[in-house]
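These notes are about the structure you will find just below.
Side chains included, hydrogens not; waters and symmetry mates left out as well; all remaining heavy atoms used.
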Amino acid sequence: MRRIAGLAAVALALLLLVLGIRTAALGSRRPAVAAAPVVVIDEAAAARRLAGGLRLRTVSTEDRAAALGAQFEAFRAYLERSYPRLHAALSRELVDGASLLYTWKGRQPELPALLLLAHQDVVPVEAGTEASWAHPPFEGVIDAGYVWGRGAADDKGNLFAILEAVEGLLAEGFTPERTLLLGFGHDEEVGGEGAQAIAARLASRGDAIESVLDEGGAIVQGAVPGVATPLAMIGTAEKGSLTIDLSVEIEGGHSSTPPRHTAIGILAAALTRLEANPMPGRIAGPTRGMADRLAPELGLPFRVVLANLWLFGPVLELAMAGQPPLDALLRTTTAVTIASGGVKENVLPARASAVVNFRILPGDTVEDVVAHVRRVVGDERIQIQPGVRSTPRNPTPESPVDDPSFARLALTVGEIFPGVPAVPFLVLGGTDARHYAELTPRLYRLSPFLFEMGDLKRVHGTDERLSIASLADGVRFFRRLIENSAPAQPPSP
């Protein structure tokens with residue numbers, strides 16, 4: 001017995017030694033940089049220009065005629081008036097009727113270009129919620145240090161910050177080393193045909209793209225428990241999407257003589273099985289990359305866990321699975337979003353139907369999800385129809401983080417937001433960036449604005465807003481990123 005206890009003590013000591021060595025070996029991945037020279041931004045003027053852009057109702061719609069109509073045309077005219085230097089110096093192309101492609105030729109045109117993306121369109125305001133806004137959603141009110149209105153954060157804030165940056169650099173006589181492209185789609189919120197058309201045009205003429213930066217991440221305070229500093233969450237991949245229609249059709253009748261299970265009951269049981277049996281989770285891809293880069297920034301207990309996922313991975317997965325935002329980083333998610341059936345309280349329904357939306361984790365595919373649904377439902381009475389409502393899409397490939405392009409983003413983050421680490425991040429929704437995957441593997445997603453976690457709920461919701469200070473920081477970020485886009489590699493971490 002004493003020998004067994006001794007062996008156990010030795011094994012425990014070795015385990016603790018391994019954990020300690022792996023934890024001690026962690027070093028911060030942040031580049032050692034100084035803050036960038038302070039650039040004075042006319043914050044009030046920038047806020048006024050953004051506010052004016054919010055007053056133009058460039059609302060997403062499936063109706064293509066609306067996207068080609070007066071509001072988008074007025075928005076283009078407003079940009080021309082607001083940024084005269086940019087429109088004089090850069091070439092502008094109208095693509096797919098309403099999308100915009102600007103080209104700023106660099107000193108070394110043989111270098112592949114940097115492509116900055118944003119989108120002109122905004123989501124509608126849910127009918128009946130207008131009175132809940134602190135300020136009307138399309139009046140572009142400036143109040144209490146914020147610009148208020150639909151699109152302030154998603155995504156006109158990015159669009160105007162980019163234009164402000166270019167206009168300011170032009171006023172100083174700056175010319176970039178590599179060519180700068182600006183791609184502003186008009187229908188990102190309904191699929192991004194404009195971005196697809198821009199990508200096709202660039203491909204058709206053989207334009208070489210070094211990297212792409214789009215919306216999708218942000219500088220977020222309170223994103224991860226135990227991390228006091230804000231984090232620059234840079235999206236390096238996007239989840240895919242698949243919607244599946246489920247339906248049951250059986251003989252109806254009078255409710256006084258019901259079968260054991262009605263159409264609704266059969267369908268409800270299948271939906272319950274789907275919710276109770278999600279696809280397996282795993283810490284991989286961007287989520288694993290986020291853990292690796294976060295580990296050196298954490299206190300000792302969390303650092304030990306993240307430095308030793310070979311041991312603590314299952315425990316961490318279990319903890320993350322209990323919180324929906326973190327669980328979504330681990331697995332392909334299952335969301336029952338629509339259900340219907342029945343017409344009268346005393347009539348047995350002859351048909352019941354439901355819609356289930358899946359957001360697909362990198363590593364899973366559309367085919368994997370369909371097979372999973374058929375296996376879990378396991379009932380021949382239920383018809384399973386994938387992709388009826390929207391086009392299925394697989395997750396995007398993961399963009400590299402051990403790459404000069406990602407290092408440049410991390411460097412620029414450190415210069416504009418001192419002490420803020422840049423970490424890879426899995427984007428749960430979709431962005432226009434995915435349409436450029438054939439042009440470059442370096443697709444990154446970051447809105448360079450500081451948000452509290454509560455602010456993120458305003459995006460697509462009530463009281464969307466962007467702080468004037470964040471807008472100014474965004475302008476500084478894009479200015480510095482353009483300055484840093486010279487071919488010389490940024491410093492290593």
Side-chain angles (χ1 to χ4, degrees), residues 62 189-192 235 237-252 259-288 313-314 317-318 320-343 348-398 426-431 434 437 460:
E62 301 289 350
E189 299 289 2
V190 290
E238 298 176 14
K239 277 189 157 184
S241 179
L242 171 66
T243 296
I244 295 182
D245 285 53
L246 305 179
S247 61
V248 181
E249 294 185 8
I250 62 175
E251 186 177 353
R260 179 74 64 177
H261 300 290
T262 67
I264 294 175
I266 293 168
L267 183 61
L271 297 176
T272 299
R273 290 195 294 275
L274 282 174
E275 289 188 331
N277 296 278
M279 293 185 71
R282 56 191 178 274
I283 299 174
T287 302
R288 178 59 184 259
E317 288 178 18
L318 187 62
M320 293 176 67
Q323 303 181 54
L326 298 180
D327 186 55
L329 299 175
L330 289 179
R331 75 184 73 248
T332 294
T333 52
T334 305
V336 180
T337 54
I338 303 174
S340 62
V343 294
L348 296 174
R351 188 176 192 279
S353 63
V355 175
V356 187
N357 180 254
F358 297 86
R359 295 304 173 110
I360 307 172
L361 187 74
D364 294 338
T365 66
V366 168
E367 292 74 18
D368 293 335
V369 177
V370 173
H372 167 79
V373 171
R374 295 191 187 282
R375 182 174 62 254
V376 172
V377 168
D379 190 331
E380 294 182 354
R381 295 170 294 179
I382 296 178
Q383 298 179 40
I384 298 173
Q385 296 179 291
V388 174
R389 296 171 182 267
S390 58
T391 303
R393 68 173 191 268
N394 281 314
T396 66
E398 184 180 358
L426 175 61
V427 178
L428 305 182
T431 73
R434 69 181 186 275
H460 285 206

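Residue S241 comes nearest to N357 through the heavy atom pair OG-ND2, 3.7 Å, listed as atom of the first residue, atom of the second, then distance. When all heavy atoms of S247 and R351 are compared, the closest pair comes out as CB-NH2, 3.4 Å. In terms of heavy atoms, L267 sits closest to A352 at CD2-C, 3.7 Å. Closest non-hydrogen pair, L329 versus L426, comes out as CD2-O, 3.8 Å. Here the closest non-hydrogen pair linking R393 and G430 is NH2-CA, 3.3 Å. Looking at every heavy atom in both residues, P278 comes nearest to T334 through CA-OG1, 4.5 Å.
A donor-acceptor pair is defined here as one N or O able to donate and one able to accept, closer than 3.5 Å; such a pair exists between the side chain of D368 and the backbone of T365. Proximity of a side-chain donor or acceptor of D245 to a complementary backbone N or O of R389 within less than 3.5 Å is not detected. A donor-acceptor pair is defined here as one N or O able to donate and one able to accept, closer than 3.5 Å; no such pair exists between the side chain of T287 and the backbone of I283. With hydrogens and angles ignored, the 3.5 Å screen pairs no side-chain donor or acceptor of K239 with any backbone N or O of T396. Looking at E238, its side chain does come within 3.5 Å of a backbone N or O of T431 through a donor-acceptor pair.
With sequence neighbours excluded, the residues forming a salt bridge (Lys or Arg N to Asp or Glu O under 4.0 Å) with R288 are D292, listed by chain and number.
Checked options R331, H372, R359, M279; the residue passing with D364 is M279 (criterion: side-chain contact (heavy atoms from CB on, under 4.5 Å)).
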Report task. Evaluate the criterion side-chain contact (heavy atoms from CB on, under 4.5 Å) for residue pair I244 and F358; output intermediate values, then yes/no. Result -> CA-CA 8 Å; I244 295 182; F358 297 86; 4.0 Å; yes
